[in-house]
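What follows is one structure encoded as structure tokens, with my remarks underneath.
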Number of protein chains: 2
Amino acid sequence: MAQAGRRPGQTETREEILEAARRRFAEQGYDGATVRAIAADAGVNAALLHHFFGTKQQLFAASMNLPVDPGELVPRILEGPEAEIGERLVRAFLGLWEAPDGRAPFLAMIRSATTNEQVATMMRQFLERAVLARVAEARGVPKVRVAGIAAQMIGFALLRYVIGLPPLVNASEEEIVGMLAPVAQYYLTPGTEKVRLPMHQEGGLARHWSETTG
Amino acid sequence: MAQAGRRPGQTETREEILEAARRRFAEQGYDGATVRAIAADAGVNAALLHHFFGTKQQLFAASMNLPVDPGELVPRILEGPEAEIGERLVRAFLGLWEAPDGRAPFLAMIRSATTNEQVATMMRQFLERAVLARVAEARGVPKVRVAGIAAQMIGFALLRYVIGLPPLVNASEEEIVGMLAPVAQYYLTPGTEKVRLPMHQEGGLARHWSETTG
DNA sequence: GTCTATAATCGGATAGAC
DNA sequence: GTCTATCCGATTATAGAC
């Protein structure tokens with residue numbers, strides 16, 4: 001039984017605007033995307049966007065619903081076999097970016113945070129609260145180490161999805177996991193945070209690996 | 001003996017414009033920085049910038065003289081004790097960013113490449129020709145692995161110098177070296193590129209480290 | 001709910017005087 | 001070499017009609 005109240009036309013248009021905003025912000029960043037272009041994509045007048053969302057900044061915030069709940073995803077990564085945490089993290093990260101729909105908000109954040117201070121603050125707070133605090137507490141490693149793996153993953157996304165560096169664009173998902181998982185595992189393993197340059201000693205990582213892998 | 005030709009006033013103004021351009025592009029990115037603002041900073045009229053450099057894009061290119069010669073720096077990092085390559089790389093990278101003057105071009109690249117396709121191409125080609133090709137050839141590791149360490153370092157710079165993530169902002173140079181050098185060493189060590197998730201096997205990296213470091 | 005009209009700026013680039 | 005004046009376009013945002 002449909003209740004009285006807002007008519008279907010409203011919610012549809014609202015959603016179309018948000019969808020168009022996500023696309024534009026993802027492709028051109030906050031400053032590059034214009035309300036006029038977003039409105040045109042949604043097939044409506046630019047004034048309507050202000051009527052619905054107020055300012056451009058508020059429209060951006062409204063369109064940035066992440067396709068993931070950190071409170072659910074982070075524990076799911078950290079639980080399970082200890083030795084495969086790095087792999088689970090990299091696979092989860094790749095899953096978010098490889099889903100065409102899920103990629104948009106992250107692209108928009110990266111493309112906007114570099115030049116817009118408000119978006120940079122959004123990103124900083126998201127990383128601190130949703131990632132660093134949770135992971136550091138759950139794993140018993142310093143926040144700076146969680147920031148290290150965040151840097152690795154964000155840098156990877158920047159070069160693969162934004163800059164389009166050929167070796168990373170052409171790499172398969174399995175290649176990427178094989179390459180990044182050990183790094184994630186290193187950062188998330190308690191007891192390694194006070195190790196100063198372990199490679200300098202004895203056999204080093206290379207010999208260790210050639211031994212354990214035949 | 002001073003030759004006839006261009007008067008001193010010309011070169012001084014030119015340099016001041018380039019300096020102002022470097023500052024503005026570094027702080028606001030390509031799209032955010034305006035020729036008018038750059039001209040005002042240099043104390044000249046905006047028309048003069050077009051007279052000297054043509055378009056804004058050409059002014060950007062002219063102002064982007066990197067404070068480093070990759071052809072000289074890369075070999076210097078790769079030479080020397082094998083086990084300390086990672087540390088030398090991280091220290092060199094930090095040296096470039098911590099020098100207040102040298103930071104500007106890199107900031108400008110990061111802030112501009114995410115939204116400007118031409119700058120993204122500049123960055124892509126710089127990484128491919130000046131970094132990936134040289135290092136991969138010299139070290140005998142696949143380009144994708146050199147791209148991996150590039151991602152780690154650029155992601156670190158993004159979070160520390162652009163986003164301002166507190167744990168990375170507050171970290172000392174020695175802390176950073178201690179954290180990132182093992183990762184760099186891992187990527188640049190031949191023979192590890194076909195290792196699939198070594199952490200999953202036997203003791204893993206954590207036990208290896210606790211053993212080799214007491 | 002959706003539009004037209006318009007305010008109020010600001011942008012890159014050029015022509016041409018001096 | 002440096003400036004004034006100007007073209008031409010784009011931008012966010014609002015007021016108000018329908």
Side-chain angles (χ1 to χ4, degrees), chain A residues 2-25 27-64 108 111-112 115-119, chain B residues 2-25 27-64 108 111-112 115-119:
Chain A
Q3 296 184 354
R6 67 186 176 201
R7 300 194 304 272
Q10 186 176 358
T11 55
E12 284 174 14
T13 302
R14 238 186 112 93
E15 248 330 297
E16 276 171 23
I17 292 172
L18 288 174
E19 217 171 301
R22 263 188 291 273
R23 264 200 313 275
R24 284 283 177 175
F25 285 133
E27 288 172 6
Q28 305 181 293
Y30 179 83
D31 297 313
T34 68
V35 277
R36 283 164 142 88
I38 294 171
D41 288 354
V44 296
N45 189 277
L48 197 58
L49 275 65
H50 290 107
H51 176 69
F52 277 143
F53 303 99
T55 70
K56 181 185 180 184
Q57 187 72 233
Q58 292 173 303
L59 171 60
F60 180 84
S63 72
M64 282 299 100
R111 285 214 161 96
S112 307
T115 51
N116 187 290
E117 184 53 38
Q118 301 191 58
V119 179
Chain B
Q3 297 185 353
R6 68 184 174 201
R7 300 194 304 272
Q10 185 175 1
T11 55
E12 283 174 16
T13 301
R14 240 186 110 94
E15 249 330 296
E16 278 172 21
I17 292 173
L18 288 173
E19 218 172 300
R22 261 187 293 273
R23 264 201 312 275
R24 286 281 178 176
F25 285 134
E27 289 173 4
Q28 306 181 292
Y30 180 82
D31 298 311
T34 68
V35 284
R36 283 165 143 91
I38 295 170
D41 288 354
V44 298
N45 189 278
L48 196 58
L49 274 66
H50 290 108
H51 176 69
F52 277 143
F53 303 99
T55 69
K56 182 185 180 182
Q57 187 72 231
Q58 291 173 304
L59 171 60
F60 181 85
S63 72
M64 282 299 100
R111 285 214 162 97
S112 306
T115 51
N116 188 289
E117 184 53 39
Q118 302 191 59
V119 180

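Any value given below was found using the heavy atoms of this structure, including those in side chains, with hydrogens, waters and symmetry copies removed. Below, read A as the first sequence line, B as the second, and so on, with proteins coming before strands; counting in each chain starts at 1.
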Derivation of the side chain to side chain contact (heavy atoms under 4.5 Å, CB included) call for B/N116 and B/F60: CA-CA 12 Å; B/N116 188 289; B/F60 181 85; over 6 Å; no
Atom-to-atom span, [atom1] of [X] to [atom2] of [N] - whole angstrom:
| X | N | atom1 | atom2 | value |
| --- | --- | --- | --- | --- |
| B/L59 | C/dG11 | CG | C1' | 15 Å |
| B/F52 | D/dC3 | CZ | P | 10 Å |
| A/L49 | D/dT14 | CG | C1' | 14 Å |

Any A/T13 side-chain N or O less than 4.0 Å from OP1/OP2 of C/dT2: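 For C/dT2, OP1/OP2 do have a side-chain N/O of A/T13 under 4.0 Å.
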Inter- and intrachain pairs under salt bridge (charged side-chain N to carboxylate O under 4.0 Å, His left out), touching residues 37-46 of chain B, at least two apart: B/R24-B/D41
Minimum heavy-atom distance between A/R14 and A/F53, given as atom pair plus value: NH2-CE2, 3.6 Å
Aromatic plane relationship, A/F25 with A/Y30 - under 30° parallel, 30 to 60° tilted, over 60° perpendicular: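 The rings of A/Y30 and A/F25 lie parallel, inter-plane angle below 30°.
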Where protein sits on nucleotides 12-18 of chain C, one letter per nucleotide: B base, S sugar-phosphate only, - none, heavy atoms under 4.0 Å: BBB----
Verdict with supporting geometry, A/K56 and A/I38, side chain to side chain contact (heavy atoms under 4.5 Å, CB included): CA-CA 10 Å; A/K56 181 185 180 184; A/I38 294 171; over 6 Å; no
Under 3.5 Å donor-acceptor pairs involving side-chain atoms of residues 16-23 of chain A, not counting sequence neighbours:
unit_1: A/R22; atom_1: NH1; unit_2: A/S63; atom_2: O; d: 3.1
unit_1: A/R22; atom_1: NH1; unit_2: A/N65; atom_2: OD1; d: 2.9

